[in-house]
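We count ligands from 1, going down the list as the structure has it; atoms in each ligand are counted the same way.
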Amino acid sequence: MNKSVLIIGGAGYIGPVLTDHLLTAGYKVNCLDLLLYQNNTCVIPYLSNPNYRFIYGDLRDQNVLDRALQGVTNVILLAGLVGDPITKKYPEASHAINDEGILSCIDFLNGKGLDRVIFVSTCSNYGLIKSDELADETYPLSPLSLYAKSKVAAEQHLLTNRGKVDYTPTILRFATAFGLAPRMRFDLTVNEFTRELALGRELLVFDAHTWRPYCHVMDFARLIQQVIEAPHAKIAFEVFNAGGEINNSTKQGIIDTILALLPDAKVRYQEHGSDPRNYRVNFQKVRETLGFEPEYTVDYGVKELLSAIREHIFDRADLMRNFHGNYEIEYPLP
Ligand SMILES: NC(=O)c1ccc[n+]([C@@H]2O[C@H](COP(=O)([O-])OP(=O)(O)OC[C@H]3O[C@@H](n4cnc5c(N)ncnc54)[C@H](O)[C@@H]3O)[C@@H](O)[C@H]2O)c1
């Protein structure tokens, strides 16, 4: 097996954790990223590693893609405008990157002698489901946001390429991420709730009864390695929900986990927020096909973050809001 990968979008929240994991596992890692959030510091620790190469640029630029592909046999597609709020705020950039850019990148990867292409999608594709049901990979998709609609379009594009591409694609529908990372994102539920309450701020929680699946960033890194190393027959043109039932939770469940550690924290509740997503997810396929189960719980993620906050690791996060969350971009670049 050739242990080399290109991570497109490898400098964001999940990318550096994956980079670290794969370098430790003996992989050669190329990273292509546009550094939209001034997240250059996230790749600095790897620049002196002879098995790592950083290529700055836009995934829409085929010359840059060509350079980034040199010497690699597997591609992991993480890049994009990530999340409902930022795609709503920048619909044109979202269309350029998440629709046109991703689809042409998927096509460009054909004929390059690649082994596997892993497209990272989202469980947000399920949108709103009946509260007594668990969505497996065959559950009808009803994406509610521009963000999820682009993911669904890219999934469909990849899946209809059977027989037309020389690489083996796999789609991973990620749960909402949590956990420590160099580009710590505090615009994600578990991370945000923990930090706000740890700082003694009153937290307003919308629609506390709504379900979502969550997954630690280190578990995502483990899963991606498993997909790269699995027999082709198990992963070719397959879609997997990525996570585990143990981390299906309501927002109230997350709050309760935090309150058990911070009993004096102040929480207010409100119904009918702007984000109606409510979905519980079935992870049987990834468990039974790949033997994947998360190692880390939400409780673990809250505790590791609290420890870091108490040691003043994130004291300046409010001053670096856009590094710590997907709020503002300049695109196209000036
Ligand atoms: N974080 C989550 O909770 C979550 C949940 C489900 C799915 N996902 C998926 O996981 C992937 C990574 O998420 P993340 O949280 O690390 O996101 P992120 O926003 O932290 O990272 C995305 C990276 O892509 C880069 N990028 C954006 N447009 C680019 C372009 N045109 N060319 C090159 N690079 C570009 C950005 O600079 C950034 O470094 C995404 O595909 C996302 O949809 C994430």
At less than 4.0 angstrom from any non-hydrogen atom of [X], what atoms of ligand 1 do you find?
X    : answer
G57  : 32 (N), 33 (C)
T176 : 3 (O)
L35  : 37 (O)
L188 : 1 (N), 3 (O)
I97  : 28 (N), 31 (N)
A175 : 5 (C), 6 (C)

* Counting only heavy atoms not in E92, do more than 12 sit closer than 6.0 Å to its CD atom? -> no
Among [options], which one has a heavy atom closest to [atom]?
atom                    : options                : result
atom 8 (N) of ligand 1  : F178, F220, Y214, Y147 : Y147
atom 15 (O) of ligand 1 : R183, R173, Q38, R185  : R185
atom 41 (O) of ligand 1 : N98, L78, L65          : L78
atom 28 (N) of ligand 1 : L77, L34, L36          : L36

Heteroatom proximity flag, [X] to ligand 1, N/O under 3.5 Å:
X    : answer
L59  : yes
T122 : no
G15  : no
N326 : yes
I14  : yes
N39  : yes

* Donor-acceptor contact below 3.5 Å, side chain N278 vs main chain W211 -> yes
* To do: Report the part of C123 (side chain from C-beta onward, or backbone N, CA, C, O) that has a heavy atom under 4.0 Å from ligand 1; answer both or neither where that applies.
  => neither
* Between K151 and ligand 1, find which residue part has any heavy-atom pair under 4.0 Å and reply side chain, backbone, both or neither. => side chain
With a 4.0 Å cut-off on N to O distance, would you call [X] and [Y] a salt bridge?
X    : Y    : value
R280 : E133 : no
K303 : D299 : yes
K285 : E137 : no
D318 : R201 : yes
E245 : R287 : yes

* Residues two or more places apart in sequence or in another chain: which of them pass side-chain hydrogen bond (donor to acceptor under 3.5 Å, both in side chains) with R67? -> none
* Structure fact -> Across all chains, not counting sequence neighbours, the side-chain hydrogen bond (donor to acceptor under 3.5 Å, both in side chains) partners of E192 are none
* Asked: Quick one: is the NZ or CZ of K149 closer than 6.0 Å to the six-membered ring centre of Y147, and within 45° of its axis?
  -> no
* Asked: Do R321's NZ or CZ and the ring of Y327 fall within the cation-pi criteria of under 6.0 Å and 45°?
  -> yes
Do me a favour and list the nearest non-hydrogen protein atom to [atom] with residue, atom name and distance?
atom                    : result
atom 3 (O) of ligand 1  : A177 N, 2.8 Å
atom 21 (O) of ligand 1 : G12 CA, 3.4 Å
atom 7 (C) of ligand 1  : S121 O, 3.2 Å
atom 17 (O) of ligand 1 : V82 CG2, 3.4 Å
atom 30 (C) of ligand 1 : D58 OD1, 3.6 Å
atom 37 (O) of ligand 1 : D33 OD1, 2.6 Å
atom 35 (C) of ligand 1 : A79 CB, 3.8 Å
atom 9 (C) of ligand 1  : V120 CG1, 3.6 Å

* **Any donor-acceptor N or O pair under 3.5 Å, side chains N191, Y13** => yes
* Side chains of Y126 and N241: is there a donor and an acceptor less than 3.5 Å apart? -> yes
* **Parallel, tilted or perpendicular, as decided by the 30° and 60° cut-offs, for the rings of H324 and F186** => tilted
* To do: Specify whether H216 and Y296 have parallel, tilted or perpendicular ring planes, treating 30° as the upper limit for parallel and 60° as the lower limit for perpendicular.
  => tilted
* Asked: When rounded to the nearest 0.5 angstrom, what distance separates OH in Y37 from CZ in R183?
  -> 6.0 Å
* Test item, G101 contacting ligand 1 (heavy atom, 4.0 angstrom) -> no
